[in-house]
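Have a look at the structure below, then the notes.
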Amino acid sequence: MSFPLLTATAALPAIGAVATAAVPAARRNAAKSLALVFSLATLALAIVVLVRFDPDGGRYQLTESHSWIADFGVRYELGVDGIGVALVALTALLIPFIIFAGWHDADPLETGSKRWRPTQGFFALILAVEAMVIISFEATDVFVFYIFFEAMLIPMYFLIGGFGDRAHEHGEEVASTQRSYAAVKFLLYNLVGGLIMLAAVIGLYVVAGNFSLTEIAEARANGTLDMATNTERWLFLGFFFAFAVKAPLWPLHTWLPNAMGEATTPVAVLITAVVDKVGTFAMLRFCLQLFPEASKWATPAILVLAVISIIYGALLAVGQRDIKRLVAYASISHFGFIILGIFAMTSQGQSGATLYMVNHGISTAALMLVAGFLISRRGSRLIADYGGVQKVAPVLAGTFLIGGLATLSLPGLAPFVSEFLVLVGTFARYPAIGIIATFGIVLAALYTLVLYQRTMTGPVKPEVSAMPDLRARELVVVAPLIVLLIFLGVYPKPVTDIVNPAVKQTLSDVDKKDPQPEVEAAK
């Protein structure tokens, strides 16, 4: 039997979570170091997976299949295509930066106080989320995917509700109440989506007789499984609703600003750069592959919702007073672009959407982590409390600017390529939708540059006059992300070469081809 590489990649952070949680309470620094070591080991395994994956090989590679609950047709099946392997690599890459950035976020609340925040629990929960996200990207059995898709809500609930941002304008008591509200809202929204999906999963089993993604898709393709039109549409809606909540897509997005605003900065990055990607990934893997006809049927409505997300999220970002909530609304706008690219049903759109998932993860992590370093120095999330930071902390301001420019998709930085591909792919089939979506770029420039202007330029406010610049640990967190943003902005080919074959197979699933450009006949 070959080494179960995919299982190992997901199991290693799970083992790390248990080991970190078991470290004695008095040795919190040892717990942090142990969590970091496990995250780096997981990254090493993810790199091995990436190296062993052949973009020109079979659709699903490094596969594993074992009987699990035979009476119900449930098998433990894993496999990665180009899209899955790219997101596994992204997750494994970001977690060490998240851990290192949150090095002091679960330290005691007060120096010398007997009130201890459970440091071991904080880092153990992060590793637990990593394990569940990775196996969600690897699962090719619908039931296995569903279990981990839902299970990741538990550690996320405790990370949001139990470890909030200390920079709160209304004091610890109010902050605790708002954290609890944000955590419960996150849990309820995603549980409702998960329960609706569970009904659809059961319905799929009744229709297909098993949960294997590959077997069901093959049966659909060769005509041995013929779903009634209404049945397929209802099943599609059950799956899509859960993924739209996770993504998040307007109008199911309202949990995200609360969760990101009240969570610690590393947890906010974990939410939007890692966890939310499971929703958009699942639209590509499950919705389009299992329900191709229903996907085409629902496309016009989904494109409208995606465009609303783009414009609505950007408009609300323009009006935000809170730095973290501004980034949250900007992410809602960006996820609108990703979903737009997926359902444009063109190779450029879906390649751009997949690349956008990777690039958004890196750019949002860079911007949000630098914003977190800024907030920790001033003790406030309000934009109005800053001014002139670039004069006292130029490196911090410079990295903040690069992260912001990446968010507005400046040419030369990674998100530009993905956003350009999404818009090109959308224009090719839905020109009116593409034109409206383009206004999101204008609004992104507005909220990003206004944020930078109000926080970093102008007279130096007395409260920031003694603000220190980025420290060595913080530079170690931010510098590699900035390098990646520039590298993938100039040379995205390593990622596109991996994802493009999988995108072509996805388009084949829904029986779609790229529209041919209209060429005026020569006179």
Side-chain angles (χ1 to χ4, degrees), residues 189 192-193 196-197 200 229-230 232-257 276-277 279-284 286-288 290-318 328-354 356-357 360 409 418-444 447 506-507 510-512 514-515:
Y189 267 66
V192 169
I196 292 174
M197 180 182 170
T229 299
N230 286 337
E232 181 177 347
R233 290 177 180 179
W234 280 112
L235 293 178
F236 168 86
L237 290 174
F239 277 75
F240 181 80
F241 183 86
F243 303 152
V245 172
K246 183 83 78 179
L249 178 68
W250 183 92
L252 306 172
H253 67 284
T254 59
W255 62 268
L256 182 66
D276 287 354
K277 300 297 187 300
T280 48
F281 163 80
M283 291 178 189
L284 277 166
F286 296 101
C287 287
L288 270 60
L290 292 175
F291 315 110
E293 295 305 319
S295 297
K296 290 186 283 189
W297 162 76
T299 288
I302 294 172
L303 292 178
V304 170
L305 294 177
V307 168
I308 293 174
S309 287
I310 292 169
I311 304 301
Y312 173 86
L315 283 173
L316 265 66
V318 171
Y329 280 110
S331 290
I332 291 169
S333 181
H334 296 150
F335 275 103
F337 276 108
I338 293 171
I339 296 169
L340 184 69
I342 292 171
F343 284 91
M345 302 291 187
T346 59
S347 59
Q348 299 99 328
Q350 291 189 356
S351 292
T354 306
Y356 213 141
M357 290 187 227
H360 174 264
S409 299
S418 43
E419 199 164 281
F420 178 78
L421 285 172
V422 166
L423 289 173
V424 167
T426 304
F427 274 119
R429 200 180 294 277
Y430 305 100
I433 294 289
I435 291 170
I436 298 171
T438 305
F439 286 100
I441 302 175
V442 179
L443 293 172
Y447 64 68
T506 303
L507 282 176
V510 292
D511 194 24
K512 282 283 190 178
D514 288 333

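We count residues from 1, following the sequence as given. The structure displayed is predicted, hence computed values, not measured ones.
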| request: Determine, stepwise, if the pair Y312 / H253 fulfils ring-ring contact (aromatic ring centres under 6.0 Å, His included). | output: CA-CA 11 Å; Y312 173 86; H253 67 284; 5.1 Å; yes
| request: State, to 0.1 Å, how close L256 and P248 come at their nearest heavy-atom pair, and which atoms those are. | output: CD2-CG, 3.7 Å
| Should the pair Y356 and H334 be assigned to parallel (<30°), tilted (30 to 60°) or perpendicular (>60°) ring geometry? | tilted
| task | Output the distance between atom CD (E419) and atom CD1 (I338), rounded to the nearest 0.5 Å. | result | 10.0 Å
| Quick one: does T280's side chain have a donor or acceptor within less than 3.5 Å of a partner on K277's backbone? | yes
| Least distance between heavy atoms, G434 atom then T438 atom | O-OG1, 2.8 Å
| query | Okay, side chain of E232, backbone of E293: is any donor-acceptor separation there less than 3.5 Å? | reply | yes
| request: Find the distance between NZ (K296) and CZ (F291) and round it off to the nearest 0.5 Å. | output: 15.0 Å
| Taking the six-membered ring for Trp, are F239 and F243 parallel (under 30°), tilted (30 to 60°) or perpendicular (over 60°)? | perpendicular
| After noting the C-alpha distance and the side-chain angles of S418 and H360, does the key distance pass the side chain to side chain contact (heavy atoms under 4.5 Å, CB included) rule? | CA-CA 9 Å; S418 43; H360 174 264; over 6 Å; no
| remark: The reported gap from CH2 in W297 to CZ in F236 (rounded to nearest 0.5 angstrom) is 7.5 Å
| task | Could you walk me through whether L507 and S347 pass side chain to side chain contact (heavy atoms under 4.5 Å, CB included), step by step? | result | CA-CA 7 Å; L507 282 176; S347 59; 3.7 Å; yes
| query | Got a second to check how far I310's CD1 is from L305's CG, nearest 0.5 Å? | reply | 11.0 Å
| said: Would you compute the distance between atom OG1 of T506 and atom CG of L288 and round it to the nearest 0.5 angstrom? | reply: 7.0 Å
| remark: Closest heavy-atom pair, Y447 versus A330, reported as atoms and distance to 0.1 Å, is OH-CB, 3.3 Å
| query | Passes side chain to side chain contact (heavy atoms under 4.5 Å, CB included), F241 versus M197? Steps please. | reply | CA-CA 7 Å; F241 183 86; M197 180 182 170; over 6 Å; no
| Any donor-acceptor N/O pair, S309 side chain to I332 backbone, under 3.5 Å | no
| Going through the distances and angles, do F281 and L284 end up as a side chain to side chain contact (heavy atoms under 4.5 Å, CB included)? | CA-CA 5 Å; F281 163 80; L284 277 166; 5.7 Å; no
| request: For the pair W255 (side chain) and V245 (backbone), establish whether a donor and an acceptor sit closer than 3.5 Å, ignoring hydrogens and angles. | output: yes
| task | Taking all heavy atoms of L443 and all of V318, pick out the closest pair and write down the distance. | result | O-CG2, 4.1 Å
| request: Working to the nearest 0.5 Å, report the span between CZ of F343 and CG of L303. | output: 8.5 Å
| Residue pair A200 / G238: nearest heavy atoms and the distance that separates them | CB-CA, 3.9 Å
| Do any N or O atoms from the side chain of T346 and from the backbone of G425 form a donor-acceptor pair under 3.5 angstrom? | yes
| request: Say whether, by atom type as modelled, one donor and one acceptor occur between the side chain of S333 and the main chain of Y329 under 3.5 angstrom. | output: no
| note | In short, R429 meets A344 closest at the heavy-atom pair NE-O, 3.2 Å
